[in-house]
Amino acid sequence: MIFKGLEVSLTGMEAQRVRIDIHSSNLANANSVDENGNPYRRKIPIFESVLEKTAKGEIYRVKVKKIVEDPSPYKLKYDPSNPLADKNGYVKLPNVDPIREMVDMISAMRTYEANLTAFNTHKGMLLSAIDILKA
């Protein structure tokens with residue numbers, strides 16, 4: 001019961017770690033195509049808040065519900081000499097915007113840090129309470 005705050009912060013950190021991993025993957029694949037010449041499609045995490053009932057009581061947790069592909073259109077680049085170009089000379093490029101990915105990753109890192117601060121604050125309060133009880 002007294003550890004609920006720690007658990008909530010922990011699930012928030014886990015969710016943000018997944019978010020950082022996904023944005024890192026998007027950045028790493030910003031110029032990738034598969035073996036069939038199809039461009040990489042940006043991934044997006046979908047989160048949900050879940051009320052879990054445990055032996056200790058109820059607790060809300062943040063979970064990654066699913067990871068979906070961004071349906072936005074591919075970028076087109078005119079390059080008729082490229083072997084992946086269509087009949088009009090356009091090449092489909094991944095729908096990844098590196099600036100957007102960096103902004104989203106920074107946001108995820110800040111949210112992770114906020115959860116870590118909340119975790120450490122709660123832990124400090126618990127340790128202070130234990131010290132008070134020892135006295």
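Side-chain contact between Tyr90 and Lys77 is absent, with no heavy-atom pair separated by less than 4.5 Å. Between Arg61 and Ser49 there is no side-chain heavy-atom pair separated by less than 4.5 Å. Between Lys92 and Leu76, some side-chain heavy-atom pair lies under the 4.5 Å cut-off. Looking at heavy atoms from C-beta onward, Lys4 lies out of side-chain contact with Tyr60 at the 4.5 angstrom threshold. Within the 4.5 Å cutoff, the side chain of Phe3 has heavy atoms near those of the Leu126 side chain. Side-chain contact between Arg19 and Met105 is absent, with no heavy-atom pair separated by less than 4.5 Å. A heavy-atom distance below 4.5 Å is found between the side chains of Lys63 and Glu52.
Hydrophobic cluster of Val62: the remaining members, joined at side-chain heavy-atom separations below 4.5 Å, are Val18, Ile22, Phe47, Val64, Ile67, listed by chain and number. Alongside Leu93, the hydrophobic cluster contains Val33, Leu84, Val91 (criterion: ILVMFWY side chains under 4.5 Å). With side-chain heavy atoms closer than 4.5 Å counting as contact, directly or through intermediates, the hydrophobic cluster containing Tyr40 also holds Val96.
The NZ atom of Lys123 lies 10.0 Å from the OG1 atom of Thr121; values are rounded to the nearest 0.5 Å. Here the OG atom belonging to Ser32 is positioned 10.5 Å from the CG atom belonging to Asn26, to the nearest 0.5 angstrom. In this structure, CD in Glu69 is found 8.5 Å from CG in Asn95, a value given to the nearest 0.5 Å. Note that CG of Leu6 is 11.0 Å distant from OG1 of Thr11, once rounded to the nearest 0.5 Å. Atom CD1 of Ile132 and atom CG of Leu127 lie 11.5 Å apart (nearest 0.5 Å). Rounded to the nearest 0.5 Å, atoms CD (Glu14) and CG (Leu10) are 4.5 Å apart.
Applying the side chain to side chain contact (heavy atoms under 4.5 Å, CB included) test to Pro98 and every residue at least two apart in sequence or in another chain returns Leu27, Lys75. With sequence neighbours excluded, the residues forming a salt bridge (charged side-chain N to carboxylate O under 4.0 Å, His left out) with Arg17 are Asp21, listed by chain and number.
When all heavy atoms are compared, the tightest approach of Ala118 to Ser9 is CB-OG, 3.6 Å. Residues Pro94 and Ala30 share a closest heavy-atom pair of CG-O, 3.3 Å.
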Anything under 3.5 Å between a donor and an acceptor, one on a side chain of residues 108-117, the other on a protein residue two or more places apart or in another chain? List them.
residue	atom	partner	partner atom	Å
Thr111	OG1	Ser107	O	2.9
Asn115	ND2	Thr111	O	3.1
Thr117	OG1	Glu113	O	3.0

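Around the CG atom of Leu51, the shell of radius 6.0 Å holds more than 12 heavy atoms that belong to other residues, nucleotides or ligands. Within 6.0 Å of atom CG in Asp70, more than 12 heavy atoms from other residues, nucleotides or ligands are found, so the atom counts as buried in its surroundings.
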Under the salt bridge (charged side-chain N to carboxylate O under 4.0 Å, His left out) criterion, do Glu58 and Lys53 qualify, and how do the steps go? CA-CA 4 Å; Glu58 296 178 337; Lys53 296 183 183 193; 3.7 Å; yes

Between Glu101 and Arg42, does the salt bridge (charged side-chain N to carboxylate O under 4.0 Å, His left out) criterion hold? Intermediate values first, please. CA-CA 10 Å; Glu101 296 303 323; Arg42 179 177 184 260; 2.3 Å; yes

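Under a 3.5 Å cut-off, the side chain of Asn29 and the backbone N or O of Ser25 do form a donor-acceptor pair.
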